[in-house]
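Okay, so here's the structure we're looking at.
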Amino acid sequence: MSFRPEPPFDHGAAPVTGVLLVNLGTPEAPTAAATRRYLAQFLSDPRVIEIPKAAWWPILHGIILRTRPAQSAKKYASIWMKEGSPLMVWTTRQARLLQGYLGERGHRVVVRHAMRYGSPSIASQLDALRASGATRVLVLPAYPQYSAATTASVIDEVARWSLTRRHVPELRIVNRYHDHPRYIGALAESVRQHWEREGRAELLVMSFHGMPARTLTLGDPYHCECLATGRLLAEALGLSPAQYKVTFQSRFGKARWLEPYTEPTLKALAGKGLKSVDLICPGFSSDCIETLEEIDMEARTAFLTAGGQRFSYIPCLNDRPTHVRALTTIAEQHLQGWPTQDAPELDALKRRREAAVAAGAPR
């Protein structure tokens with residue numbers, strides 16, 4: 001095995017710490033070709049599709065990648081922003097703001113963002129952090145609830161990258177923040193502000209991304225962490241169990257998934273006479289196709305068609321200040337013990353080293 005060349009080593013350089021904010025990914029454009037490339041990478045991940053390759057490959061390449069890209073591209077086109085994919089736009093802004101917030105708190109860190117599927121890739125951004133001199137990297141997946149299909153897949157990719165490096169930086173990974181007080185507080189504030197602007201519906205629905213039901217019995221904590229987030233958010237808002245409901249969206253295939261399902265639940269509620277719902281997606285840190293198209297378009301239509309009168313979608317936290325402050329606090333807690341604070345003694349050391357080099361001392 002050959003390893004990648006390392007950046008020149010400077011004995012007098014102050015320690016550099018990197019933070020890598022990682023989200024799921026998105027096609028580069030709302031076209032069938034771009035969507036096909038994205039889906040091919042996404043659906044080839046064994047963390048996402050736990051089916052033997054011999055059985056799954058013919059289905060993926062013989063059916064799904066022949067039919068689904070064009071359909072998905074139309075959905076992406078319906079939510080595409082002027083600046084690009086919503087997921088990319090919001091994640092980019094979050095990383096830029098996180099850099100600023102950490103800097104305001106005195107941390108010398110380099111913050112970059114990456115996508116697990118698509119670009120910028122995790123490997124390319126870790127390379128960039130190493131090129132900037134980072135010897136310590138905190139990986140912050142933008143997934144509040146841990147799942148093998150999301151968080152563990154990020155860990156896999158970071159590990160694959162490390163196999164190519166001779167000098168592997170010290171690594172830390174944030175596995176979850178589903179019950180972090182700042183995260184729950186940011187969610188609660190977004191709901192309260194929505195109620196102040198739009199009024200309060202009869203029921204608050206909290207829709208999380210679905211997973212196959214068997215993942216729960218196999219030991220994945222995702223379902224339990226979604227329920228914990230829902231309970232904590234309800235408590236922060238002062239809601240009784242009858243005033244909110246946790247559901248799961250984005251089913252794929254014919255297998256049983258985590259229940260109750262979001263759209264059928266909305267239809268059933270409307271059929272029983274419920275006239276208004278507010279819906280929030282606490283498992284998504286950024287608005288994307290699953291929230292803007294699947295929820296704010298498809299689920300909205302389903303509820304109203306079934307007899308509901310008012311459907312109100314509460315946007316993801318995106319670049320809200322409370323959200324970025326929550327991410328900042330989470331990053332700070334996981335950065336503890338690393339020399340990221342402004343340190344005069346490090347500056348003095350660097351100046352002495354630079355003076356010695358200028359006088360002819362070897363590097």
Taken to the nearest 0.5 Å, the spacing of Arg251 CZ from Glu263 CD works out to 8.0 Å
- Would you check if there is a donor-acceptor pair between the side chains of Thr340 and Thr17 at a distance under 3.5 Å? no
### Query
Do the side chains of Thr262 and Leu266 get nearer than 4.5 Å, heavy atoms only?
yes
In residues 301-311, what donor-acceptor pairs under 3.5 Å come from side-chain atoms, sequence neighbours left out?
{"from": "Thr301", "atom 1": "OG1", "to": "Met297", "atom 2": "O", "distance (Å)": "2.9"}
{"from": "Thr305", "atom 1": "OG1", "to": "Thr301", "atom 2": "O", "distance (Å)": "2.6"}
{"from": "Arg310", "atom 1": "NH2", "to": "Glu198", "atom 2": "O", "distance (Å)": "3.3"}
{"from": "Arg310", "atom 1": "NH2", "to": "Gly199", "atom 2": "O", "distance (Å)": "3.1"}

Quiz item: side chain to side chain donor-acceptor pair (under 3.5 Å) between Thr247 and Thr265: does it pass, once the steps are laid out?
Solution: CA-CA 8 Å; Thr247 62; Thr265 296; 5.8 Å; no
Of Thr92, Leu98, Val22, the one forming a side-chain contact (heavy atoms from CB on, under 4.5 Å) with His113 is Thr92
What one should report as the nearest heavy-atom pair of Pro169 and Ala134 is CB-O, 4.3 Å
Item to check | Test log, rule side-chain contact (heavy atoms from CB on, under 4.5 Å), inputs Ile64 and Leu39 | outcome: CA-CA 9 Å; Ile64 294 175; Leu39 290 176; 5.6 Å; no
*asked:* I want to check something: taking the side chain as every heavy atom from C-beta on, are Arg93 and Glu83 in contact at a cut-off of under 4.5 Å?
replied: yes
Taking every heavy atom of Thr151 against every heavy atom of Tyr143, the minimum-distance pair comes out as N-CD1, 3.7 Å
- In terms of hydrophobic clusters joined by side-chain contacts under 4.5 Å, are Ile289 and Val48 together? yes
Self-check item: side-chain contact (heavy atoms from CB on, under 4.5 Å) between Gln243 and Arg200, worked out
Solution: CA-CA 11 Å; Gln243 294 175 308; Arg200 181 169 162 177; 3.5 Å; yes
Here the gap from Asp296 atom CG to Cys281 atom SG, rounded to the nearest 0.5 Å, amounts to 9.0 Å
Notebook entry, point to check: Would you say Thr164's side chain and Trp161's backbone share a donor-acceptor pair under 3.5 angstrom?
Noted result: yes
task: Would you confirm whether Gln125, through its side chain, and Pro120, through its main-chain N or O, come within 3.5 Å as a donor-acceptor pair?
output: no
Under 6.0 Å from the six-membered ring centre of Trp338 and within 45° of its axis: does the NZ or CZ of Arg172 meet both? yes
Notebook entry, point to check: Do side-chain atoms of Thr26 reach the backbone of Ser85 as a donor and acceptor pair under 3.5 angstrom?
Noted result: no
| Min side-chain heavy-atom separation Pro46-Trp56 under 4.5 Å | no
Residues passing the salt bridge (Lys or Arg N to Asp or Glu O under 4.0 Å) test with Glu225, sequence neighbours excluded, are Arg176
Does the distance from a Lys or Arg side-chain N to an Asp or Glu carboxylate O, for Glu196 and Arg192, drop under 4.0 Å? no
Phe284-Tyr177 co-clustered via ILVMFWY side chain contacts under 4.5 Å: no
How about NZ on Lys74, more than 12 heavy atoms from neighbouring residues, nucleotides or ligands closer than 6.0 Å, or not? no
One should read off an interatomic distance between Asp45 CG and Glu157 CD, to the nearest 0.5 angstrom, of 8.0 Å
Test of understanding: clusters of I, L, V, M, F, W, Y form through side-chain heavy atoms closer than 4.5 Å, transitively. Do Val139 and Val110 belong to the same one? yes
Margin query: Quick one, Leu227 and Arg231 - any side-chain contact, counting heavy atoms below 4.5 Å?
Written below: no
Hits for salt bridge (Lys or Arg N to Asp or Glu O under 4.0 Å) against Arg112, two or more places apart or cross-chain, chain-then-number order -> none
**Prompt:** Counting distance only, does the side-chain N/O of Arg66 pair as donor-acceptor with the main-chain N or O of Gly62 below 3.5 Å?
**Reply:** yes
Nearest heavy-atom approach of Tyr183 to Gln145 is OH-NE2, 3.3 Å
Rounding to 0.5 Å, atoms CD1 (Ile280) and OG (Ser190) come to a distance of 4.0 Å
Between Gly283 and Pro144 the two heavy atoms that sit nearest each other are O-CD, 3.5 Å
Q) Do Leu129 and Ile122 sit in the same hydrophobic cluster, where Ile, Leu, Val, Met, Phe, Trp and Tyr count as joined when their side-chain heavy atoms come under 4.5 Å apart? A) yes
Hits for salt bridge (Lys or Arg N to Asp or Glu O under 4.0 Å) against Arg197, two or more places apart or cross-chain, chain-then-number order -> none
Residues Glu290 and Ser250: side-chain donor-acceptor under 3.5 angstrom: no
From the list Lys75, Gln249, His209, side-chain hydrogen bond (donor to acceptor under 3.5 Å, both in side chains) partner of Glu294 resolves to Gln249
Would you say the side chain of Asn23 lies within less than 4.5 Å of the side chain of Ser285, judging by non-hydrogen atoms?
-> yes
Nearest heavy-atom contact between Ala152 and Tyr146 is CB-OH, 3.5 Å
inquiry  = When you measure from the side chain of Trp257 to the backbone of Phe252, do you find a donor-acceptor pair of N or O atoms at a distance under 3.5 Å?
reply    = yes
- Item | Side chain proximity check, Val154 to Ile173, heavy atoms < 4.5 angstrom | no
query: Would you call the rings of Tyr76 and Tyr38 parallel, tilted or perpendicular, where under 30° means parallel and over 60° means perpendicular?
result: perpendicular
For Leu218, the other hydrophobic cluster members (4.5 Å side-chain criterion, sorted by chain and number) are none
May I ask you to decide if Ala159's main-chain N or O and Ser162's side chain share a donor-acceptor pair within less than 3.5 Å?
yes
Cluster question for you: counting only ILVMFWY and a side-chain heavy-atom cut-off of under 4.5 Å, with indirect links fine, are Phe3 and Val158 together?
-> no
- Report the C-alpha separation of Phe42 and Leu24 in whole Å, then their side-chain angles, then the decisive distance to 0.1 Å, and conclude whether the side-chain contact (heavy atoms from CB on, under 4.5 Å) test is met. CA-CA 9 Å; Phe42 175 50; Leu24 185 76; 4.2 Å; yes
One should read off an interatomic distance between Asp179 CG and Thr229 OG1, to the nearest 0.5 angstrom, of 7.0 Å
The remaining residues in the hydrophobic cluster of Met88, counting side-chain heavy-atom contacts under 4.5 Å among Ile, Leu, Val, Met, Phe, Trp and Tyr, are Leu87, Met115
(Q) Between His107 and Glu332, do the side chains contain a donor N or O and an acceptor N or O under 3.5 Å apart? (A) yes
Exercise for the section: I would like to know whether Leu237 and Trp195 meet side-chain contact (heavy atoms from CB on, under 4.5 Å); could you show each step before the answer? Expected result: CA-CA 11 Å; Leu237 294 169; Trp195 285 345; 4.2 Å; yes
Taking C-beta and beyond as the side chain, do Val19 and His334 meet within less than 4.5 Å on heavy atoms?
no
Heavy-atom distance under 4.5 Å between the side chains of Met211 and Cys226, does that happen here? no
For this session: Kindly say whether Val109 contributes a backbone atom to a donor-acceptor pair with the side chain of Gln99 at under 3.5 angstrom?
Result: yes
| Is there a donor-acceptor pair under 3.5 Å between the side chain of Asp287 and the backbone N or O of Asn318? | no
Practice item. Verify whether one side chain among Gln193 and Arg320 offers a donor that lies under 3.5 Å from an acceptor in the other. Key: yes
One should read off an interatomic distance between Asp220 CG and Leu258 CG, to the nearest 0.5 angstrom, of 8.5 Å
Residues Val111 and Ala95: closest non-hydrogen pair is CG1-O, 3.4 Å
